[in-house]
Amino acid sequence: QVQLVESGGGLVQAGGSLRLSCTASGRTFSSNSMGWFRQAPGTEREFVATTSRSGGTYYADSVKGRFTGSRDNAKNTVYLQMTSLKPEDTAVYYCAASSQFGARNSEQYSYWGQGTQVTVSS
C-alpha cells in the first residue's frame with residue numbers, strides 16, 4: 001500500500017504561481033511513476049504530468065512550458081510547480097502513484113491522494 005498526501009493548493013490570480021506537493025508513505029519503492037491529474041466540475045479527470053523515479057517528467061500539452069514536475073526520492077515527495085496559471089487550470093488536483101514506468105493514463109495508477117483544490121481567478 002502507498003498513502004499519498006497532497007498540499008499546496010489555493011486561490012491565485014491569473015498569471016500567478018502555486019507549488020503542489022505530494023508526500024508518499026508505505027511501499028514507496030514501487031512508485032516508478034508519480035503522476036498528477038486534475039478534475040474540474042462536470043469534466044473527466046485528465047492527465048497533467050508524470051515524473052519518473054529519475055526525475056524526468058512528461059507533460060500534457062495544455063500545461064507544457066508552464067508546469068514543472070520534480071521529485072525528491074529521499075523525502076518521498078513529488079512537486080508540481082505551476083506558473084502562468086490560467087482560469088482553465090481551476091480544478092481539484094490529484095497525486096497518484098503507479099508501479100508502471102511512464103504511466104499517463106489514470107487506469108495505470110493504483111494509489112491516489114485526496115486531492116487539493118486549485119482555483120485561478122480571472
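Hydrophobic cluster membership is shared by Met82 and Val12, with clusters built from Ile, Leu, Val, Met, Phe, Trp and Tyr side chains linked at under 4.5 angstrom. Hydrophobic clustering, with ILVMFWY side chains joined whenever heavy atoms are under 4.5 angstrom apart, keeps Tyr109 apart from Tyr79. Clustering ILVMFWY residues whenever any of their side-chain heavy atoms sit less than 4.5 angstrom apart, transitively, puts Val92 in a cluster other than the one holding Val48.
Summarising the geometry of Ser31 relative to Arg53, their closest heavy-atom pair is O-NH2, 3.2 Å, with the distance given to 0.1 Å. For Val118 against Gly9, the heavy-atom pair with the smallest separation is CG2-CA, 4.1 Å. Considering every non-hydrogen atom in both Ser122 and Pro87, the closest pair reads CB-CG, 3.9 Å. Taking every heavy atom of both residues into account, Ala49 and Leu80 meet most closely at CB-CD1, 4.3 Å.
For the 3.5 Å distance criterion, the side chains of Gln117 and Thr119 qualify, holding a donor opposite an acceptor. Between the side chains of Ser33 and Tyr58, not a single donor N or O lies within less than 3.5 Å of an accepting N or O.
The existence of a salt bridge linking Lys86 and Asp89 is excluded, since no basic side-chain nitrogen approaches an acidic carboxylate oxygen closer than 4.0 Å.
For the atom pair CE of Met34 and OG1 of Thr77, the computed distance is 8.5 Å after rounding to the nearest 0.5 Å. Atom-to-atom distance recorded for Thr116:OG1 and Leu18:CG is 9.0 Å, nearest 0.5 angstrom. Between atom OH of residue Tyr111 and atom OG of residue Ser99 there is a gap of 8.0 Å, rounded to the nearest 0.5 Å. Once rounded to the nearest 0.5 Å, the distance linking OG of Ser54 with CZ of Phe101 reads 9.5 Å. Atoms CG and CD, from Asn76 and Gln3 in turn, are 11.5 Å apart once rounded to the nearest 0.5 Å. To the nearest 0.5 Å, atom OG of residue Ser106 and atom CZ of residue Arg104 are 14.5 Å apart.
Between the Tyr59 side chain and the Gly69 main chain, a donor and an acceptor come within less than 3.5 Å of each other. With hydrogens and angles ignored, the 3.5 Å screen pairs no side-chain donor or acceptor of Asn32 with any backbone N or O of Gln100.
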### Task
Give the C-alpha distance, both sets of side-chain angles, the deciding distance and a yes or no for side chain to side chain donor-acceptor pair (under 3.5 Å) between Ser17 and Thr83.
CA-CA 4 Å; Ser17 300; Thr83 63; 5.2 Å; no
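Counting only heavy atoms from C-beta outward, the side chains of Ser21 and Lys75 never approach each other to under 4.5 Å. Side-chain contact check for Trp36 versus Cys95: some heavy-atom pair is nearer than 4.5 Å. In this structure the side chain of Leu4 never reaches within 4.5 angstrom of the side chain of Tyr94, judged on heavy atoms. Contact of the Arg38 side chain with the Val63 side chain is registered, since non-hydrogen atoms from C-beta on lie closer than 4.5 Å. Using a 4.5 Å heavy-atom cutoff, the side chains of Glu6 and Leu20 are not in contact.
Within a 6.0 Å radius of CD in Gln1, no more than 12 heavy atoms belonging to other residues, nucleotides or ligands are found.
Partners of Thr51 by side-chain contact (heavy atoms from CB on, under 4.5 Å), not counting sequence neighbours, listed by chain and number: Thr57, Arg71, Val78.
Below 30°, between 30° and 60°, or above 60°: for Phe37 and Phe47 the angle between ring planes is above 60°, a perpendicular geometry.
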